[in-house]
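Shown next, in structure tokens, is the structure this report addresses.
Just so we're clear, the structure is a prediction, and the values are computed from it rather than from any experiment. Every number for a ligand or one of its atoms is a count from 1 in the order of the listing.
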Amino acid sequence: MDHFLYRDGALHAEDVPVAEIAAAVGTPFYVYSTATLTRHFRLFDEALGFADHLVCYAMKSASNLAIIKVLANAGAGMDVVSGGEYLRAKAAGVPGDRIVFSGVGKTADEMRLALEGGIRQFNVESEPEMVVLDQVAQSLGMTAPITVRVNPDVDAKTHAKIATGKSENKFGIPISRAREVYAMAAKMPGLKVIGIDVHIGSQLTELAPFEAAYQKVAELTAQLRADGHEIKRLDLGGGLGIPYARSNEAPPLPTDYGALIERTVGHLGCEIEIEPGRLISGNAGIMVSKVIYVKSGEDRDFLILDGAMNDLIRPAMYDAWHDIVPVIEPAPGAEPAKYDIVGPVCESGDTFAKGRVMPAVGPDDLVAFRSAGAYGAVMSSEYNSRPLIPEVLVDGDQFAVIRPRPTYEEMIARDTLPKWLE
Ligand code: LLP
């Protein structure tokens, strides 16, 4: 459920007509709903009510400062994967002891930054990373709290580009080698083992893969405890999927997911962390774009929008489906049309949808891409020298630009000419 609904025939973001935002900021743009963000965070928070827990929002999914602040105010911790994300979380006022650091290639500089600024834990992904973290922590006279991310070799049954829990993926250490790696960590004076981490992939629409992974984590917890390690925290990753097409059967809800967690690892008495991104931010954002032309091809019509693959890359990158709807609701009984929906970028991959049946629209009409809050703005680029599009946050009947659209001059001024070309 989200807060982008038609009222009196016009799509609203909470209480604000989307067309009003378009008139104020121009198109294309992203707009997020505060109520949806907090509602989705709370669903997870309540689902884990059976245990000590922290929901660490995966900032990579949508990392605007204002979004982080909304979620931090609601009580979320943050899952970061780079020095940049760590500093963003800090800039939004998130205390270090509510930030977990994930990622397969943390550098010594990033480790230092987080140790000095405060960190809840590092989710370590390899032995070489462990060696570096041990050195960095010792050089600062500190001990780094760690979990080791284990790769449970479970098929997440999602798009290959976003599955992370199979042995062929680059993530974590094979669960079969976990005891050896924990023994090695226990001997390092700069590290303090506190738990186990697992994350098997993104946009999971079934619970079975989570169940398989969490059962393996439960078994490992018992083994590691028997080996003398203190396992008091389990970070169970993110990955719960969202319904991208309204017509689809809805994926499991956070409550089902919470019940599964309780069933599989609840008896261990551990503090539980999860790292959801998409389920919190995905349906909390839409991308709004304007029709430039409707062009008749040989055997199809092309809807040419002012938004493009550089603004929302998910369809080009993962063949992802986004519902695309007109901002002004069509009159009842209006004939639908069929379009290939494309952007102005100069490659055929700049296609949002092929043969999409939707209400007929024309030049200057606004359309909205639903479920674009996660992995939308954060994955955008300036390809074709198209300035990054603005982000807007709505709260009730008020809205504010939370990232302005750079001018062409600002975009160009970031480049510098070497002396010999001046
Ligand atoms: N934790 C870790 C360690 C992750 O790698 C990820 C996502 C998450 C949590 C959050 O997963 P979520 O709850 O959002 O599924 N760009 C792709 C998705 C990439 C996901 C990367 N890792 C897309 O647009 O579908």
Side-chain angles (χ1 to χ4, degrees), residues 30 37 40-41 43-44 47 54-63 67 71 76-82 85-86 89 99-106 120-126 129 147-152 156-166 169-173 196-207 209-210 213 234-244 251-254 257 261 273-285 287 309 311-322 352 369-381:
Y30 281 97
L37 288 167
H40 289 164
F41 162 74
L43 287 177
F44 278 118
L54 186 64
V55 176
C56 293
Y57 169 61
M59 272 177 54
K60 64 169 81 71
S61 69
S63 58
I67 294 176
L71 292 167
M78 295 294 145
D79 170 51
V80 306
V81 291
S82 69
E85 284 195 350
Y86 177 82
I99 304 177
V100 305
F101 207 136
S102 300
V104 75
K106 304 174 201 76
R120 183 176 181 84
Q121 100 235 359
F122 291 92
N123 295 332
V124 172
E125 297 221 17
S126 66
E129 182 192 340
T147 70
V148 176
R149 175 169 176 181
V150 292
N151 184 325
K157 300 208 174 73
T158 184
H159 191 285
K161 283 188 184 152
I162 53 176
T164 56
K166 288 286 286 172
N169 302 129
K170 68 180 174 181
F171 300 97
I173 56 127
I196 306 174
D197 172 46
V198 71
H199 170 79
I200 55 172
S202 195
Q203 186 52 17
L204 273 72
T205 51
E206 302 170 35
L207 288 182
F210 286 119
L234 300 179
D235 182 332
L236 300 174
L240 194 59
I242 61 172
Y244 274 100
L253 299 170
Y257 177 66
I261 293 177
E273 261 169 25
I274 53 170
E275 306 166 347
R278 189 190 315 262
L279 203 139
I280 293 179
S281 58
N283 283 327
M287 184 181 82
M309 64 187 292
D311 306 311
L312 177 64
I313 203 169
R314 302 195 67 259
M317 191 145 171
Y318 316 107
D319 295 315
W321 175 286
H322 287 265
F352 291 120
F369 289 70
R370 289 194 179 273
S371 310
Y375 308 107
V378 286
M379 292 181 79
S380 58
S381 76

Any nitrogen or oxygen of [X], side chain or backbone, less than 3.5 Å from one on ligand 1?
X    : answer
Y375 : yes
G237 : no
S102 : no
G201 : no

Where on [X] is there a heavy atom closer than 4.0 Å to ligand 1, on the side chain, on the backbone, on both, or on neither?
X    : answer
R278 : both
M379 : side chain
R149 : side chain
S202 : both
Y318 : side chain
D79  : side chain

- Note on the structure: atom 1 (N) of ligand 1: closest protein heavy atom, distance to 0.1 Å, is E275 OE1, 2.6 Å

May I ask you to decide if [Y]'s main-chain N or O and [X]'s side chain share a donor-acceptor pair within less than 3.5 Å?
X    : Y    : result
Q203 : I242 : yes
Y57  : S63  : no
T164 : I200 : yes

- Is the closest basic N to carboxylate O distance between K60 and D79 below 4.0 Å? yes

- Query: In chain order, what residues pass the side-chain hydrogen bond (donor to acceptor under 3.5 Å, both in side chains) check against S202, with sequence neighbours excluded?
  - Reply: R278

- Determine whether the side chains of T147 and N123 contain a donor N or O and an acceptor N or O closer than 3.5 Å. yes

For residues [X] and [Y], determine if any side-chain heavy atom of one lies less than 4.5 Å from a side-chain heavy atom of the other.
X    : Y    : value
F369 : R314 : no
I67  : S281 : no
E275 : S102 : yes

Take every heavy atom of [X], measure it against each atom of ligand 1, and state whether any distance is under 4.0 Å.
X    : value
M317 : no
G239 : yes
P276 : yes
H159 : no

- Note on the structure: Rounded to the nearest 0.5 angstrom, the CZ-CG distance for F210 and L240 is 5.0 Å

- Within 4.0 Å of some non-hydrogen atom of G238, the atoms of ligand 1 are 9 (C), 13 (O)

- Task: Taking only heavy atoms of A58 into account, list the atoms of ligand 1 that are under 4.0 Å away from them.
- Result: 8 (C), 9 (C), 10 (C)

